[in-house]
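Step one of this worksheet: look at the structure below.
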Amino acid sequence: MVASIQQPELNPSSGYVGRFAPTPSGPLHFGSLVAALASYLDARAHQGQWLLRVEDIDAPRCAPGAADSILQTLEDYGLHWDGDVCYQSQQSSYYESALGQLQAKGLVFFCTCSRSQLKGHDIYPGTCRTRVIRDQQQDCSCRIRVPDQQLAFDDLILPSYTENLALQVGDFILQRKDGPYAYQLAVVIDDALQGITHVIRGADLYTQTTRQIFLQQSLGLTTPIYGHIPLIMNGQGQKLSKQNLAQAIATKEAPVLLSQALQRLGQAPPQELIDAPIEEQLQWAITAWDRHKIPSLQEDPTPFVTTDSP
Ligand code: GLU
Ligand code: ZN
């Protein structure tokens with residue numbers, strides 16, 4: 001079934017709707033706790049809603065039990081979300097509809113290039129852009145034609161960013177050969193469906209934002225306000241992620257790790273609240289929250305080591 005994409009009416013009380021959108025490839029680690037905390041505090045400090053979306057669109061990347069474990073950890077850390085959890089795996093009809101709309105505008109083309117054909121090309125060379133492949137065959141991916149023009153956005157935390165998608169990214173994938181819709185398409189549709197007004201997330205997605213804005217503009221959707229927070233590095237200067245085996249964060253350590261996460265966001269709690277019960281720390285942090293205190297990546301390259309990092 002193909003569903004239509006309608007953006008909900010804004011919450012009239014504050015007009016702020018934020019979200020946390022983890023990929024359940026493993027349990028929540030310290031880096032994602034910091035991202036969750038930043039979006040939570042920014043939403044609550046603006047009397048906003050804070051929604052949760054499980055980005056489980058790419059089944060092979062999802063670890064069994066990880067989604068439930070992430071939800072449980074958020075609860076254990078006092079980060080309670082509003083409404084029902086949205087699961088991307090249940091949203092396919094909306095992605096299909098969006099792809100259809102982009103197709104109808106002549107923006108989509110089918111690509112038969114193999115991985116080896118694209119080897120050595122950081123930017124898609126446009127091989128299938130002008131080939132006429134009318135129907136999507138089994139071994140086709142769908143790509144979107146990107147414009148040769150500058151696209152810019154202002155960020156709440158990092159500097160403004162400008163990119164020419166044609167020169168710096170190339171026609172990117174909306175649906176993969178093996179079937180799944182791409183993150184870029186799914187995230188844009190879900191942010192619109194959930195009525196998200198503010199996206200506070202990790203700086204690893206900073207340069208992907210222009211792709212998302214281009215899709216929003218192509219689909220006539222509102223662009224949210226973006227703010228990207230610095231990444232958490234491990235002792236080796238790598239981003240903490242499930243790939244480099246960032247460890248799950250323990251519930252018993254919640255007060256300590258919450259204090260550390262707040263410090264990492266430049267919102268160090270007063271001495272008497274360090275390691276205090278999580279509710280007390282969160283209550284203080286919502287009131288004291290100041291985006292301007294969040295250190296940008298450039299200003300704070302110091303690796304941050306959690307108590308339980310390898
Ligand atoms: N699911 C993405 C991740 O876990 C985040 C997507 C987003 O915040 O836009 O890295
Ligand atoms: Zn191709």
Side-chain angles (χ1 to χ4, degrees), residues 18-29 31-40 42-43 50-58 61-63 66-67 70 73-74 85-89 91 108-119 121 123-133 136-137 139-145 153 155 170-177 180-194 196 198-213 215-216 223-229 231-232 239-244 246:
R19 49 73 157 183
F20 177 54
T23 302
S25 51
L28 200 77
H29 56 74
S32 33
L33 172 70
V34 172
L37 183 62
S39 65
Y40 172 87
D42 201 65
W50 188 64
L51 309 185
L52 189 62
R53 180 167 77 235
V54 173
E55 301 213 318
D56 57 352
I57 193 169
D58 190 0
R61 274 191 68 203
C62 299
I70 290 173
T73 307
L74 289 172
V85 180
C86 167
Y87 289 87
Q88 281 192 330
S89 54
Q91 300 270 94
V108 175
F109 64 91
F110 299 119
C111 169
T112 52
C113 296
S114 63
R115 210 175 274 258
S116 62
Q117 275 172 298
L118 295 177
K119 214 173 152 198
H121 292 277
I123 296 172
Y124 180 69
T127 320
C128 304
R129 212 176 205 236
T130 52
R131 285 174 59 196
V132 183
I133 309 170
Q136 188 176 10
Q137 301 147 6
D139 52 353
C140 274
S141 56
C142 285
R143 287 182 187 268
I144 186 154
R145 264 177 243 282
F153 72 96
D155 196 275
D171 299 330
F172 58 90
I173 289 187
L174 298 179
Q175 189 177 19
R176 294 201 328 230
K177 271 183 194 182
Y181 294 96
Y183 156 72
Q184 303 293 358
L185 181 67
V187 75
V188 161
I189 300 311
D190 291 334
D191 281 341
L193 287 168
Q194 291 189 291
I196 303 300
H198 291 70
V199 174
I200 307 293
R201 61 183 177 185
D204 52 334
L205 296 164
Y206 177 58
T207 59
Q208 311 236 349
T209 307
T210 31
R211 273 166 257 187
Q212 296 170 20
I213 293 174
L215 286 177
Q216 286 150 3
T223 293
I225 293 166
Y226 290 95
H228 290 89
I229 57 155
L231 298 179
I232 307 301
K239 179 198 160 195
L240 266 197
S241 70
K242 293 137 200 165
Q243 282 77 25
N244 58 37

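We count ligands from 1, going down the list as the structure has it; atoms in each ligand are counted the same way. Start at 1 with the first residue, then count along the sequence.
- For Cys128 atom SG and Cys113 atom SG, the angle they make at the Zn ion (ligand 2) is roughly 110°, to 10 degrees.
- When non-hydrogen atoms are compared, ligand 1 lies under 4.0 Å from the side chain of Leu205 (C-beta onward) but not from its backbone.
- In this model, no donor atom of one side chain and acceptor atom of the other lie less than 3.5 Å apart for Ser25 and Thr23.
- Side-chain atoms of Arg201 and Ser32 include no donor-acceptor pair closer than 3.5 Å.
- Residue contacts with ligand 1 for Val187 involve side-chain atoms from C-beta outward but no N, CA, C or O (heavy atoms, distance under 4.0 Å).
- For Phe20, the closest heavy-atom approach to ligand 1 does not fall below 4.0 Å.
- With the Zn ion (ligand 2) as the vertex, SG (Cys111) and OH (Tyr124) define an angle of 100°, rounded to 10°.
- Remark: Asp56 does not engage Arg61 in a salt bridge, criterion side-chain N to carboxylate O under 4.0 Å.
- Residues Tyr183 and Gln88 bring no donor and acceptor atom of their side chains to less than 3.5 Å of each other.
- Between Phe172 and Tyr124 the shortest side-chain heavy-atom distance does not fall below 4.5 Å.
- Among His228, Arg201, Arg53, Gln208, the residue whose heavy atom lies closest to atom 9 (O) of ligand 1 is Arg201.
- Without hydrogens or angle criteria, Asp155 side chain to His228 main chain gives a donor-acceptor distance under 3.5 Å.
- Short contacts between ligand 1 and Arg19, defined as distances under 4.0 Å to a heavy atom of the residue, involve ligand atoms 7 (C), 8 (O), 9 (O).
- Not close to ligand 1: Gln212, with no non-hydrogen atom less than 4.0 angstrom away.
- Using a 4.0 Å cut-off between a side-chain N of Lys or Arg and a carboxylate O of Asp or Glu, Asp191 and Arg53 qualify as a salt bridge.
- Remark: ligand 1 and Ala21 share an N or O pair separated by less than 3.5 Å (distance only, no angle test).
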